[in-house]
Amino acid sequence: MLSIRGTPVDFGLSLVVVALAASPHSSTLATFASSSSATYNLQRMHKEKSPQETFEELANVCERLGLKNHNWDVYGDFDKDSSQTSFLRKFESEVAQELGTQDAVFMPSGGMAQSIALLIHATTIETSSGSRTNSSSSCGHHCFACHHTSHLLLHEQAAYYHLLGMNAIIVDTLHQAEGISIPPLTFAIVQQVLDDEYKKWSIQPSTLLLELPHREIGGKTTPWNDILQIRKYCTDNNIKLHLDGARLFEATTGYPDQSLQELVQIFDSVYISFYKGLGGMTGAMLLGSEDFCGQARIWLRRFGGNLYTLLPYAVSGWAGYQRQWKLNSVQEKEEKEVNGPLLLSFVQKKEKLVRLVQLLCRRRYIKSSRV
Ligand SMILES: Cc1ncc(COP(=O)(O)O)c(C=O)c1O
């Protein structure tokens, strides 16, 4: 028996799911039952836990990490580094090392992290190119470009405008849609919009924001060659390239020939989330050069985001990162004992999806352009 609900699911597979029932914000992407009648939920890989269970688990993680003394971080531990007794700074440098960036800053939310990235890039570009004529216009350096389904456009109450005083150049791929399958950002469309529609008015964004995977269109990813071309275009045109990597770890399944570090090093800055695929309570990290992260810490203070302590969120994020990404075999085994065998890794999920879609295609429920 098969049932499918929710938005199109596509980890680089270009699928078109006909008969969509739920809104794009539905928490369920696709649920199906196998012949053994086990139900797989392809989005929610995490067992739902009560606050009490969550806090008990956090206490266990603290014990495992040896956080028994006065290990609280205070106001982001800006004055400490990873060699000192700051769990927060160690966590930041552990993730920076994994992703191959010089530094990382833990923050309460992705909204805050990406606002900070946009602000830093706008000021850096303005200072470095000083004489850009349009910097005080309604766009120019005070604007950024993004796909028309970007989280910043759809779900953040236009914070970029109200908080940052910036405007958005919308790179719309709707007109290229085949049926209901909306394409992700590609080099051709970026170049077309920025060159043909904006350059002639001397309007240029300070940042191009690329979301990988594109959440609202079922997790599609921009092809690798397009990313390389977009990088070159940004360098040539003095535009910073930022990655909205809320689901970066899932995105890696779209680039089987590239390492996580190869993907990350294309960008001037990267944001990742700890409460989505990684399953932490909440929290985000902004990653980039030492200089960029130094500025990010200043902006974090200005935004009031370096809470008196971030420890509960950092510990929870660290545990999710270990469990879901580092796949430490002992922890994975423990997790399976608690949650049962239905917990799927990102890669297992992708395999299940491919099988599901192939099955549905045979039954003509789905039109597929490339499976
Ligand atoms: C693609 C994307 N970017 C950014 C965010 C913002 O993250 P936060 O809720 O931590 O502000 C989200 C949250 O759902 C998201 O899906």
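In listed order, ligands and their atoms are each counted from 1.
Considering backbone and side-chain atoms together, Gly111 places an N or O closer than 3.5 Å to an N or O of ligand 1. Among the atoms of Glu156, none of the N or O lies under 3.5 angstrom from an N or O of ligand 1.
Here the protein heavy atom with the shortest distance to atom 10 (O) of ligand 1 is Gly110 N, 2.7 Å. Here the protein heavy atom with the shortest distance to atom 16 (O) of ligand 1 is Arg247 NH1, 2.8 Å. Scanning all protein heavy atoms for the shortest distance to atom 7 (O) of ligand 1 gives Tyr271 OH, 3.2 Å. Considering only non-hydrogen protein atoms, atom 3 (N) of ligand 1 sits nearest to Asp244 OD2, 2.8 Å. Nearest protein neighbour of atom 9 (O) of ligand 1, counting heavy atoms only, is Tyr275 OH, 2.6 Å. With respect to atom 6 (C) of ligand 1, the closest heavy atom belonging to the protein is His151 CE1, 3.5 Å.
For the pair Trp325/Glu98, a side-chain contact is recorded, criterion being any heavy-atom separation below 4.5 Å from C-beta on. Looking at Cys143 and Gln204, their side chains never come closer than 4.5 Å, going by heavy atoms from C-beta outward.
No part of Met112 comes within 4.0 Å of ligand 1, judged by heavy-atom distances. The backbone and the side chain of Ser109 each have at least one atom closer than 4.0 Å to an atom of ligand 1 (non-hydrogen atoms only). Only the side chain of Gln114 comes within 4.0 Å of ligand 1, judged by heavy-atom distances.
Remark: Asp196 engages no residue in a salt bridge (Lys or Arg N to Asp or Glu O under 4.0 Å) (not counting sequence neighbours).
Close approach of ligand 1 to Ala246 (heavy-atom distance below 4.0 Å) involves ligand atoms 1 (C), 2 (C), 3 (N), 15 (C). For ligand 1 and Lys276, the ligand atoms under 4.0 Å from any heavy atom of the residue are 7 (O), 12 (C), 13 (C), 14 (O), 15 (C), 16 (O). Applying the 4.0 Å criterion to heavy atoms of Glu211 picks out, from ligand 1, the atoms 1 (C).
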### Task
Show the numbers, then the answer: is there a side chain to side chain donor-acceptor pair (under 3.5 Å) between Asp291 and Gln295?
CA-CA 6 Å; Asp291 178 53; Gln295 293 187 60; 3.3 Å; yes
### Message
Between Gln261 and Gln265, is the side chain to side chain donor-acceptor pair (under 3.5 Å) condition met? List the steps.
### Response
CA-CA 6 Å; Gln261 293 200 356; Gln265 74 181 19; over 6 Å; no
### Task
For the pair Gln157 and His162, evaluate side chain to side chain donor-acceptor pair (under 3.5 Å) and give the outcome as yes or no after the intermediate values.
CA-CA 8 Å; Gln157 306 284 352; His162 295 287; over 6 Å; no
### Residues His121, Ser269; criterion side chain to side chain contact (heavy atoms under 4.5 Å, CB included); working and verdict
CA-CA 9 Å; His121 291 325; Ser269 55; 2.8 Å; yes
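Applying side-chain hydrogen bond (donor to acceptor under 3.5 Å, both in side chains) to Glu216 and the options His155, His148, His151 leaves one that passes, His155.
Using cut-offs of 30° and 60° for the angle between ring planes, the Phe91 and Phe106 rings count as tilted.
Comment: Arg231 engages Asp268 in a salt bridge, judged by a side-chain N to carboxylate O separation of less than 4.0 angstrom.
Taking a 4.0 Å cut-off on heavy atoms, His155 fails to register as neighbouring ligand 1.
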